[in-house]
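Have a look at the structure below before the remarks.
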Amino acid sequence: MSHDGEDLYGILNERNIREVQFGTNKIFSTWYGSNVYFDPDIRVLGYLAKSGSSGFDGSNGSNRVNNHEKEDTQYWLDTLYVCEYCFKYADNGEDLASHANHCKFQRHSPGKIKYKSPKYTVKRVKGSKHRLFCQCLCLFTKLFLDNKSMYFKVDHYEFYIIYETSSTKPLGFFSKDTVSYYQNNLACVLIFPPYQRRQLGTFLLDFSYKVSKSEGLISGPEFPLSPFGLIGYVKYWSLKICWEFAEGELANLEKVTLEDISSVTGFRVNDIITALKYLECLGDSNEIYLSILRKKLNRNGCKALVEDEFLLLED
Ligand SMILES: CC(=O)SCCNC(=O)CCNC(=O)[C@H](O)C(C)(C)COP(=O)(O)OP(=O)(O)OC[C@H]1O[C@@H](n2cnc3c(N)ncnc32)[C@H](O)[C@@H]1OP(=O)(O)O
């Protein structure tokens, strides 16, 4: 790929930021490299800040790794400091601390409430309305996802951000391309590392289908999926299909086709086939093993799902 291409997509083969300090007390490793945070020639943070957009003013480069002195490291920066409310960033803790004192999103998170239960709130943020917030969120996402790269052209994307109700700290999000040719209901999903493995990803996948079903669409994610994305989806599709067969609209039917499952769940037929194969409930000629399927429901898993009474999907 050309140098220009690398600049645009941020793709690097190696991690170039060692760790992230997210807010005041959450420190974790990056998963992938990205050069979009940097001026590509001198590898100094603030490439975007120069174009008037994202970093805090006055980043002083204090913890930049000097590769001339440290030939043995691939890191361009030791620690990236990221605001856990607005995703602006700096290369030193003092700038993050002074920003945190007046970050407007700490007091009031952006967007419109689309779900509010006693436990979780989901807000929809339009890229066209909160461009800087969404661009910074996309930059941050690139550190944990290597197969999707979209940073600056956020205007036709919506971002659904999950919070604990009564908190303004985002826990994760999914994005949605509003002009998707294939009418995908999700472009990219990320649960921030400190909050992973709490079923929040499963919750957001379910939420993405609630949105597309409310629009009358059979839909699904944009491919390719990451390895965690794939296992998350296969488990989620399986859970929902099993629920429909055990307790939902398909519970008492004697003959069910893949299209029936699709119209009840809002899932694409190919995704249903993937799930039924994972569940070992699909024969060679697409025969569905109904009685086995009806016994496979993991009731505990259902606790991760969206509760319809708290949806606020009307615009
Ligand atoms: C279209 C796309 O965007 S594809 C890209 C998907 N996003 C990414 O890869 C970004 C980085 N990854 C993440 O943000 C998260 O891992 C997500 C969003 C994929 C999943 O979010 P989480 O809230 O952690 O997932 P959740 O707790 O709902 O777990 C769902 C299942 O995924 C699997 N899983 C999730 N994380 C892991 C892990 N670290 N190791 C092994 N299995 C995992 C498990 O099977 C899990 O079910 P279980 O807990 O019952 O065993």
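In each ligand, atom 1 is the first atom listed, and ligand 1 is the first ligand listed. Positions are given from 1, in the same order as the sequence printed here.
- At a threshold of 4.5 Å between non-hydrogen side-chain atoms, the residues Ser117 and Tyr115 count as touching.
- Among protein heavy atoms, the minimum distance from atom 32 (O) of ligand 1 is reached at Gly232 CA, 3.9 Å.
- Within ligand 1, the atoms closer than 4.0 Å to a non-hydrogen atom of Thr202 are 26 (P), 28 (O), 30 (C), numbered from 1 in the order shown.
- From the protein, the heavy atom lying nearest to atom 48 (P) of ligand 1 is Lys235 NZ, 3.6 Å.
- Side-chain contact between Phe192 and Val20: absent, with no pair of heavy atoms (C-beta onward) separated by less than 4.5 Å.
- The ring pair (Phe, Tyr, Trp, His ring centres under 6.0 Å) test with Phe133 is passed by exactly one of Phe87, Phe159, Phe173: Phe87.
- Between Cys83 and Tyr89 the shortest side-chain heavy-atom distance does not fall below 4.5 Å.
- Against a heavy-atom cut-off of under 4.0 Å, Leu190 is close to the following atoms of ligand 1: 10 (C), 11 (C), 14 (O).
- In this structure, Ala187 counts as a contact residue of ligand 1, since one of its heavy atoms falls inside 4.0 Å of the ligand.
- The heavy atom nearest to atom 39 (N) of ligand 1, considering only Phe144, Tyr233, Phe228, is found in Phe228.
- Looking at Leu204 against ligand 1, nothing comes within 4.0 Å, counting heavy atoms.
- Interface of Leu145 with ligand 1, defined as ligand atoms under 4.0 Å from a residue heavy atom, comprises 5 (C), 7 (N), 8 (C), 9 (O), 10 (C).
- Tyr160 and Glu158 form a side-chain donor-acceptor contact under 3.5 Å, judged by distance and modelled atom types alone.
- More than 12 heavy atoms of other residues, nucleotides or ligands sit less than 6.0 Å from atom CD of Glu309.
- The protein non-hydrogen atom at the shortest distance from atom 14 (O) of ligand 1 is Ile191 N, 2.9 Å.
- Remark: side-chain polar atoms of Ser219 are paired, donor with acceptor, to backbone N or O of Gln183 under 3.5 angstrom.
- Close approach to Arg198 involves these atoms of ligand 1, each under 4.0 Å from a residue heavy atom: 27 (O).
- In terms of protein heavy-atom proximity, atom 9 (O) of ligand 1 is nearest to Ser226 OG, 2.5 Å.
- The heavy atom nearest to atom 43 (C) of ligand 1, out of those in Glu222, Gln199, Arg197, Gln196, is found in Arg197.
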Would Thr257 and Asp260 count as a side chain to side chain donor-acceptor pair (under 3.5 Å) here? Give the steps. CA-CA 5 Å; Thr257 63; Asp260 295 331; 3.1 Å; yes
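- Of the candidates Glu19, Arg15, Arg18, Arg15 is the only one forming a side chain to side chain donor-acceptor pair (under 3.5 Å) with Tyr75.
- At the shortest separation from atom 20 (C) of ligand 1 among protein heavy atoms lies Gly201 CA, 4.3 Å.
- Put simply, part of Trp31 is less than 4.0 Å from ligand 1, judged by heavy atoms.
- Here the side chain of Ser262 pairs no donor or acceptor atom with the backbone of Arg268 at under 3.5 angstrom.
- Looking at atom 33 (C) of ligand 1, its nearest protein heavy atom turns out to be Ile231 CG2, 3.8 Å.
- Scanning the protein for heavy atoms near atom 7 (N) of ligand 1, the closest one is Val189 O, 2.7 Å.
- Among protein heavy atoms, atom 1 (C) of ligand 1 sits closest to Lys148 NZ, 3.3 Å.
- Defined by atom type and a distance below 3.5 Å, a donor-acceptor pair is missing between the side-chain atoms of Tyr209 and Asn185.
- Within the 4.0 Å cut-off (strictly below), a protein heavy atom is located near atom 41 (C) of ligand 1.
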